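Labels below follow one simple rule: chain letters A, B, ... track the order of the sequence lines, proteins then strands, and each chain is numbered from 1. Below, each value reflects all heavy atoms present in this structure, side chains not excepted, and no hydrogens, waters or symmetry copies. The structure presented is a predicted model; accordingly, all values stated were derived computationally and were not measured.
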Amino acid sequence: MVENYNDVKTINTFEIKERSYFSILWGRFKKNKMAVISLYFIIFLIVVAIVGPLVSPYHYTMMDYTALYQTPNAKHWMGTDDGGRDLATLIVYGLRNALIVGFGAGLVEVFIGILIGAIAGYLGGQVDNILMRFVDIMFALPSFLLNLVLVVVLGRSLFTILLAIGLTSWAGMARLVRGQVLTVKQLEYIEAAKALGASNLTIILRYVIPNSVGPIAVALSFNIPGAMMMESGLSLIGLGVMPPMPSWGGLISQGSRWMLSYPHMILFPAGAFALTILAFTFFGDGLRDAFDPKTE
Amino acid sequence: MEYLLEVKDLKTHFYTKKGVIKAVNGISYGLKRGQTLSIVGESGSGKSVSVLSIMRLLPTYAKVNGKILFEGNNLLSYDDRKIKRIRGNRISMIFQDPMSSLNPTVKIGQQIMEPLLWHHKASKREARQKAIQMLTEVGIPSAKERFDQYPFEFSGGMRQRVMIAMALISEPELLIADEPTTSLDVTVQAQILQLIRKIQEKRGTSVILITHNLAVATMVSDYIVVMYGGRIVEKATTEEFLKNPLHPYTFGLLNSTPVLKSRKTLSPIPGQPPDLRELEDIGCPFAKRCPKKMPRCEKENPPEINLSNTHTVYCWLYT
């Protein structure tokens, strides 16, 4: 019979290094070089989107008829467009709009997705059945078309566009969350928490959702560029944010008209757009690897 | 002395698509304050289900009948709200697998505090203090530093200590331990059992210990209940149980338990535990494997034979 656990108390001088959950995630995330570069690039984009409009000597409404179609030069780093507007400034404003729409739509999507997914998964039975059939219907409807309708009905402001994109793209998130909840729900620590008197709400908020946060974050990081693409798609066909407010989709569609004579007008916006989407995708990849210890 | 917990003719049946599974089929026992009761049996004998019925932690397709009197009140008549006030407050439970019974995303200390906060028994600061005290009490060194760590930074034995701290922090009258040592290695097993014992003596908590390990049961308990096929076959104080085992199944269990330094060959019980779906209502559940089977064993329910106030066996052999 061992009774020496008390002795252990006498040697409690050793240091215990604090390692939070995030430091461990970061440790795994760091191993993916592309993801780290992408993360820094995304941070850079966010900084540019905030600071850029403040320091730029131009505004997106400023036309200069003495400087039409200029190729990149010292005054206009990325040249000017057919109205003599500074392309760099337009791209920065477009970036700001793209980020707002991307993150905003992502938030709306996560909120609805978690709400519906968690309720369906946790309560199960008929509730689950009805909610999931609704999700199926949302899946079946072509989301681009639905977006068009919503934008036409709600109007064409930045906020309504992100709302429309969020409202049409939460179905996948709801399904994902439901699956996670179903898995987590039957783990032993949930039963242990119940045995110690936890209420349903406590279990969902403190146990189920935190333990599903990995896949949700990963899905979100892939959905943000999705929302940006959707926004560009809308502006491409002229249903995005109201001009003269620039949007990447709008800039690309405008540039495509002058593609042969002034290729810089499409190269810069399309390049910025591609790089941004790529960065989010690589970041999502890294995040997925970090949350999934099996990839180690 | 009054019973703290009295289980009377408890029946737990699962209504599944494949038919009714009679996991627990009419069991009765009593537990006094400050005592330890062990429920012994092989896998599928209904021992876990019987205590989950007490906590009302079963899925909705389970039907529980009978009476579970906790301080004289029938827990089965309680609504969800009332039972939640009991769970983790007056009756706590620890589970078999400490590796998966803690929330991996919440710090250890936070988790230990939570039962107190859920039941509004203490303010955050008091709860924190108490949790650190509890961690020390269950033998976790550097409790203050450990408080802010996550479950994955703890070993299996340490986690089981944390589970015990969590279960005991609100000072329940009854602690249910469902195979608390099964997934731990032997030396840690002994430590954990000793810890439960020590805390129990200090606080006067009653314990129900579920185990399939007879050695563990005889080591720590005052009273032993042997279950087979959803029913009790024998119940006795530990002393009576060791001195005078009566039921053929109990014999079988004792004979198949290795004893150190003994050269005796182990004799396993022939056959397999019954499939609960195929179990008949009538007759002794052990009859098919019993070496002393009589014709009536399969046709009539075994009688309850009281050898003393505390020793009861359900078997036709002793009529």
Q: In terms of heavy-atom contacts, does CZ of Arg133(A) have more than 12 from other residues, nucleotides or ligands at under 6.0 Å?
A: yes
Q: Work out which heavy atom in Ala192(A) is nearest to a heavy atom in Ser101(B); give both atom names and the distance.
A: CB-O, 3.6 Å
Q: For Leu102(B), which atoms come within 4.5 Å of any heavy atom of chain A: side chain, backbone, both, or neither?
A: backbone
Q: To the nearest 0.5 Å, tell me how far Asp80(B) CG sits from Asn200(A) CG.
A: 8.0 Å
Q: Find out whether Asn211(A) and Pro104(B) are in side-chain contact, i.e. whether some heavy atom of one side chain is under 4.5 Å from a heavy atom of the other.
A: yes
Q: Keeping the roles fixed (side chain from Asn103(B), backbone from Arg206(A)), state whether a donor-acceptor pair exists under 3.5 Å.
A: yes
Q: Count the heavy atoms of every other residue, nucleotide or ligand shown that sit under 6.0 Å from CZ of Phe139(A), and state whether that count exceeds 12.
A: yes
Q: Which residue out of Lys84(B), Met99(B), Met55(B), Gln111(B) racks up the most heavy-atom pairs below 4.5 Å with chain A?
A: Lys84(B)
Q: Please give me the minimum heavy-atom distance between Gly197(A) and Trp118(B), naming the atom from each residue.
A: C-CE3, 3.9 Å
Q: Using side chain to side chain contact (heavy atoms under 4.5 Å, CB included), reason through Glu191(A) and Leu52(B) one step at a time and then give a plain yes or no.
A: CA-CA 10 Å; Glu191(A) 201 181 1; Leu52(B) 289 175; 3.5 Å; yes
Q: Minimum heavy-atom separation for Leu196(A) and Ser92(B), please, with both atom names.
A: CD2-OG, 3.7 Å
Q: Pick whichever of Arg85(B), Met93(B), Met163(B), Glu114(B) has the most heavy-atom pairs under 4.5 Å with chain A.
A: Glu114(B)
